[in-house]
Amino acid sequence: MPELAEVEYYRKRWLPALEQSVARVCLHADKRIFRGADSAALARNLTGECFEAALCHGKQMCFRFGNQHWLGVHLGMTGKLRHTANAVAVEKHDHLVLEMVGGGALVFSDPRLFGRILYANTSEPPDWWANLPPEVLSAEFSEDWVNRFLDRRAGAPIKAVLLMQERFPGIGNWMADEILWRARIHPATRAGRISKLKRRALFKSIREVSEDALAVIGTDWKRPPDDWLFNHRWKDGGRCPRTGGLLKRETIGGRTTCWSPLWQPLRV
DNA sequence: CTATTTGTTTATCC
DNA sequence: AGGATAAACAAATA
């Protein structure tokens, strides 16, 4: 589930423990979320360290403990973060629990195990945190920068291109559909066939959907307004807020995709 | 029992 | 070589 704004929402869930120290680390070391990470070192080294920073970039999160302990969290499809005020019973899917000296706990849970925990013990930020593409709301993320990518991925459906994290960090399935709906571009359009005019609309839409998503979901996860595609996209018989016409759902770019055929005509 | 899932990585084909 | 696409991953839910 978690895309740009949901990741920001979950990042904030851990803020109540900021400036507290780790009393004890409990984890399910054999679970898939620790693939590639040294979970034993993580548990040993974080104990006693102070929780100093909580950051995110696209769908990647980074929590710093002390000056040189970097905990990376990716939520995958079903990952969640929460803070519990008191030590509550650990649930089945709570794969990483940081008990804090104050008595609360930081919890990462993930039933489907598509998420990932990273850990580095280095004075400088590790590669997975230092080498990330410009964020969609940053100045470096320019129209030119996007258009060059559309030309490089000219043969792929635009829906698939928007999901590529190397250029559009944080954009996921629902955001991509929302972006294309607002820009009135059919999701199956080959990226290279999008007109100059539509590219402008696309760029604007990427920015707007990202800002709107952060405003609505990023802080307290309010229900998005009904004039977004969001509230209609999964319902059978869902209707386009703009045209009132029936929405269509199909697999495009390997993912379930929803669009409004009247509003987003396919021009090939 | 079958089909579905808002993500990423790996394999395979072109 | 690099791009496009499908499969795999795991488990809950309908």
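Numbered from 1 within each chain, the chains take letters A, B, ... in sequence-line order.
Under the side chain to side chain donor-acceptor pair (under 3.5 Å) criterion, A:Arg249 pairs with A:Asp236, not counting sequence neighbours. The salt bridge (charged side-chain N to carboxylate O under 4.0 Å, His left out) test applied to A:Glu140 returns no partner, not counting sequence neighbours. When the side-chain contact (heavy atoms from CB on, under 4.5 Å) test is applied to A:Arg116, the partners found at least two apart in sequence or on another chain are A:Arg35, A:His74, A:Leu118.
In plain terms, the two heavy atoms of A:Arg199 and A:Ile194 that are nearest each other are NE-O, 3.0 Å.
Between C:dG3 and A:Arg152, a contact under 4.0 Å exists linking OP1 or OP2 to a side-chain N or O. Residue A:Arg116 places no side-chain N or O under 4.0 Å from the OP1 or OP2 atom of B:dT8. Here A:His74 reaches the OP1 or OP2 of B:dT8: one of its side-chain N or O atoms lies under 4.0 Å away. Listed pair A:Thr78 / B:dT5 fails the phosphate criterion, with no side-chain N or O lying under 4.0 Å from OP1 or OP2.
When heavy atoms are screened at a 4.0 angstrom cut-off, A:Arg190 is found touching the sugar-phosphate backbone but no base atom. Within 4.0 Å (heavy atoms only), A:Gly172 reaches sugar-phosphate atoms of the nucleic acid but no base atom. At the heavy-atom level, A:Arg255 lies under 4.0 Å from base atoms of the strands shown.
For A:Asn67, the CG atom is loosely surrounded, since the number of other residues' heavy atoms within 6.0 Å does not exceed 12.
Closest to the side chain of A:His93, out of C:dA4, B:dT6, C:dA11, is C:dA11. Closest to the side chain of A:Pro111, out of C:dA12, C:dA4, B:dT5, is C:dA12.
Residues of residues 154-165 of chain A that place a heavy atom closer than 4.0 Å to DNA chain C, in numerical order, are A:Ala154, A:Gly155, A:Ala156, A:Pro157.
Atom CG of A:Leu75 and atom P of C:dC9 are 22 Å apart (whole Å). The nearest whole Å value for the distance from the CH2 atom in A:Trp234 to the C1' atom in C:dA14 is 14 Å. The distance between atom CZ of A:Phe149 and atom P of C:dA4, rounded to the nearest whole Å, is 9 Å. The distance between atom NZ of A:Lys80 and atom P of B:dG7, rounded to the nearest whole Å, is 13 Å. Note: NE2 (A:His95) to P (C:dA11) measures 8 Å, nearest angstrom. Distance NZ (A:Lys59) to P (B:dT9): 10 Å, rounded to an integer number of Å. If you measure from atom CG of A:Asp236 to atom P of B:dT4, you get 12 Å, rounded to the nearest angstrom. In this entry the distance linking CD of A:Glu3 with P of B:dT8 reads 9 Å, nearest Å.
Between the C1' atoms of C:dA4 and B:dT6, the separation comes to 23 Å (whole Å).
Between A:Glu211 and A:Arg182 there is no salt bridge, since none of the side-chain N atoms of the basic residue sits less than 4.0 Å from a carboxylate O of the acidic one.
Each of A:Lys92 and A:Arg32 was assigned the nucleotide of DNA chain C with the nearest heavy atom; the assignment lying further toward the 5' end belongs to A:Arg32.
For B:dT8, the base is not stacked against the aromatic ring of A:Phe114, per a cut-off of 5.5 Å between centres and 30° between planes.
Taking the six-membered ring where the residue is Trp, A:Trp181 and A:Trp263 present tilted rings, their angle falling between 30° and 60°. Between A:Phe65 and A:Phe51, the angle of the ring planes stays under 30°, which puts this pair in the parallel group of the 30/60° scheme.
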Name the atoms and distances for all side-chain donor-acceptor pairs under 3.5 Å in residues 20-27 of chain A, with sequence neighbours left out.
{"residue": "A:Arg24", "atom": "NE", "partner": "A:Glu99", "partner atom": "OE1", "Å": "3.3"}
{"residue": "A:Arg24", "atom": "NH2", "partner": "A:Glu99", "partner atom": "OE2", "Å": "3.2"}

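Under the 6.0 Å distance and 45° angle rule, A:Arg13 counts as a cation-pi partner of A:Tyr9.
Remark: DNA chain C takes part in the stems B:2-5 with C:11-14, B:7-14 with C:2-9, each of 3 or more antiparallel Watson-Crick or G-U pairs, criterion distances under 3.5 Å.
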